Visitor: 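Sharing a structure here in structure tokens format.
Model, not experiment: these values are computed from the prediction. In this chain, numbering begins with 1 at the start of the sequence shown.
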Amino acid sequence: MIAAERAPRASLFRFAAPQAFYPLAGRLAPWFAAAALLLTLAGMWLGFFVAPTDATQGEVYRVIFIHVPAAWMSMFIYLVMAFWSAVGLVMNTRLSFVMSQALAPTGAMFCFVALWTGALWGRPTWGAYWVWDARLTSQLLLLFLYLGFIALTRAIEDPRRADRAGAMIALVGAVNVPIIYFSVKWWNTLHQGASVSLTKAPSMASTMLAGMLVMAFAAWAYTLAVTLWRVRPMILERERHTEWVGAVLEAEGAKAGGGR
């Protein structure tokens with residue numbers, strides 16, 4: 001009985017090894033990409049064709065179907081980066097640092113999209129593309145943290161030093177995420193409060209909420225697909241001196257040659 005319980009755990013932990021995770025990432029990425037495409041189409045249909053026009057903001061409110069999922073993912077991805085960084089520092093696992101670095105460009109992209117769509121939303125509702133609002137300023141700081149993480153980890157040639165330097169930025173910068181989330185409660189800001197909360201009913205129509213949640217799941221699936229695709233060449237680069245990478249490159253070369 002004890003041996004049976006340990007077997008599944010052991011089989012899961014084996015994917016912490018780059019050699020085992022590399023083929024798994026290749027198998028899972030297309031499935032998440034397909035899910036992202038289908039969910040995006042469904043979410044756009046709900047958000048732009050099914051959801052009713054807002055009584056106060058009119059049609060311009062529909063930017064939330066892109067803005068809100070992007071903002072959620074920008075914060076969530078940074079927390080996941082911090083998690084992988086902590087795991088890497090504590091357990092000294094190479095794959096953890098690689099996962100953190102593979103997530104960063106996608107998180108930065110979502111952060112930029114959140115700021116950009118927020119500016120487009122702010123112009124007709126606030127009368128300005130940008131104000132030094134607590135929510136906007138802390139979100140801009142998050143973008144700088146992403147860019148700083150990417151720049152630092154790529155500027156340091158020694159992978160071990162780069163991993164640890166990036167991990168420190170990820171862990172320290174994670175403090176900014178709750179500041180972003182609670183900024184509308186802690187300070188008087190122009191930014192509206194949360195439309196979705198775990199403690200109260202949503203302040204929007206059910207079709208609006210459905211469209212926004214479907215788009216959030218689409219962003220999540222997209223993040224997984226892109227990260228898994230991005231981490232594969234990073235693993236090969238890190239493990240290029242090992243025998244298994246040589247075997248993988250030889251097999252892929254033979255496959256490419258046979259397809260000509």
Visitor: Would you say the side-chain atoms of Arg135 pair up with the backbone N or O of Tyr181, donor to acceptor, closer than 3.5 Å?
Guide: yes
Visitor: Mind checking whether Phe83 and Ile169 sit in one hydrophobic cluster, side chains of I, L, V, M, F, W, Y counted as touching below 4.5 Å?
Guide: yes
Visitor: Please, which pairs that meet ring-ring contact (aromatic ring centres under 6.0 Å, His included) have at least one residue in residues 134-170, sequence neighbours excluded?
Guide: Tyr78-Tyr146
Visitor: Which heavy atom of Ala216 sits nearest to which heavy atom of Met73, and what is that distance?
Guide: O-SD, 4.5 Å
Visitor: Identify whether Val231 and Phe76 are in the same connected component of the hydrophobic contact network (ILVMFWY, side-chain heavy atoms under 4.5 Å).
Guide: yes
Visitor: Would you say Phe49 and Leu38 are hydrophobically clustered, going by side-chain heavy atoms of ILVMFWY under 4.5 Å?
Guide: no
Visitor: Roughly how far, to the nearest 0.5 Å, is the CG atom of Leu213 from the CG atom of Leu46?
Guide: 10.5 Å
Visitor: Measure the spacing between CZ of Arg161 and CG of Leu152 and express it to the nearest 0.5 Å.
Guide: 9.0 Å
Visitor: Give, for atom CG of Leu95 and atom OG of Ser100, the distance between the pair rounded to the nearest 0.5 Å.
Guide: 11.0 Å
Visitor: For residues Gln101 and Met234, report the shortest heavy-atom separation together with the two atoms involved.
Guide: CB-CE, 3.7 Å
Visitor: Quick one: salt bridge (charged side-chain N to carboxylate O under 4.0 Å, His left out) pairs with a partner in residues 60-79, sequence neighbours left out?
Guide: Glu59-Arg62
Visitor: Kindly write out the residues that satisfy side chain to side chain contact (heavy atoms under 4.5 Å, CB included) with Gln19, not counting sequence neighbours, or none if the list is empty.
Guide: Trp244
Visitor: Sequence neighbours left out, what passes side-chain hydrogen bond (donor to acceptor under 3.5 Å, both in side chains) with Thr227? Give chain and number order.
Guide: none
Visitor: With a 4.5 Å cut-off on side-chain heavy-atom distances among I, L, V, M, F, W and Y, is there a chain of contacts connecting Leu224 to Leu24?
Guide: yes
Visitor: Stepwise, does the side-chain contact (heavy atoms from CB on, under 4.5 Å) test hold for Phe21 with Leu228?
Guide: CA-CA 10 Å; Phe21 187 76; Leu228 291 173; 3.7 Å; yes
Visitor: State plainly whether one hydrophobic cluster holds both Ile235 and Leu28, where clusters connect Ile, Leu, Val, Met, Phe, Trp and Tyr through side-chain heavy atoms under 4.5 angstrom apart.
Guide: yes
Visitor: Starting at CZ of Phe48, measure out to CZ of Phe65 and round the result to the nearest 0.5 Å.
Guide: 7.0 Å
Visitor: Which ILVMFWY residues can you reach from Trp229 by hopping between side chains whose heavy atoms are under 4.5 Å apart?
Guide: none
Visitor: Please give the remaining members of the hydrophobic cluster of Leu41, linking ILVMFWY side chains under 4.5 Å, ordered by chain and number.
Guide: Leu37
Visitor: Provide the closest heavy-atom pair for Leu171 versus Ala82 in the form atom of the first, atom of the second, distance.
Guide: CD2-O, 3.4 Å
Visitor: Please enumerate all residues that pass side chain to side chain contact (heavy atoms under 4.5 Å, CB included) together with Ala36, with sequence neighbours excluded.
Guide: Ala221, Tyr222
Visitor: Is there a side-chain contact (heavy atoms from CB on, under 4.5 Å) between Leu143 and Leu147? Walk through the geometry before answering.
Guide: CA-CA 6 Å; Leu143 178 61; Leu147 297 179; 4.2 Å; yes
Visitor: Provide the full list of salt bridge (charged side-chain N to carboxylate O under 4.0 Å, His left out) pairs with a residue in residues 163-176, sequence neighbours left out, each pair given once.
Guide: Asp163-Arg238
Visitor: So, for Arg232 and Tyr22, which heavy atoms are closest and what is the spacing to 0.1 Å?
Guide: NH1-O, 2.8 Å
Visitor: Looking at every heavy atom in both Ala165 and Ile156, which two are closest together, and how far apart are they?
Guide: CB-CD1, 3.8 Å
Visitor: Let me confirm one number: the CD-CG distance from Gln139 to Asn176, rounded to the nearest 0.5 Å.
Guide: 8.5 Å
Visitor: Just to verify, what does Thr207 make a side chain to side chain contact (heavy atoms under 4.5 Å, CB included) with, not counting sequence neighbours?
Guide: Val50, Ala51, Pro52, Ala205
Visitor: What heavy-atom pair brings Val87 and Ser96 nearest, and what distance separates the two atoms?
Guide: CG1-OG, 3.3 Å
Visitor: Can you name the side chain to side chain contact (heavy atoms under 4.5 Å, CB included) partners of Ala218, sequence neighbours left out?
Guide: Leu39, Thr40
Visitor: Can I get a per-line list of side-chain donor-acceptor pairs under 3.5 Å for residues 103-118, giving both atom names and the distance, sequence neighbours left out?
Guide:
{"from": "Thr106", "atom 1": "OG1", "to": "Arg230", "atom 2": "NH1", "distance (Å)": "3.0"}
{"from": "Thr106", "atom 1": "OG1", "to": "Arg230", "atom 2": "NH2", "distance (Å)": "3.4"}
{"from": "Thr117", "atom 1": "OG1", "to": "His67", "atom 2": "ND1", "distance (Å)": "3.0"}
{"from": "Thr117", "atom 1": "OG1", "to": "Val113", "atom 2": "O", "distance (Å)": "2.7"}
{"from": "Thr117", "atom 1": "OG1", "to": "Ala114", "atom 2": "O", "distance (Å)": "3.3"}

Visitor: So how far is it from Trp220 CH2 to Thr223 OG1, rounded to the nearest 0.5 Å?
Guide: 9.5 Å
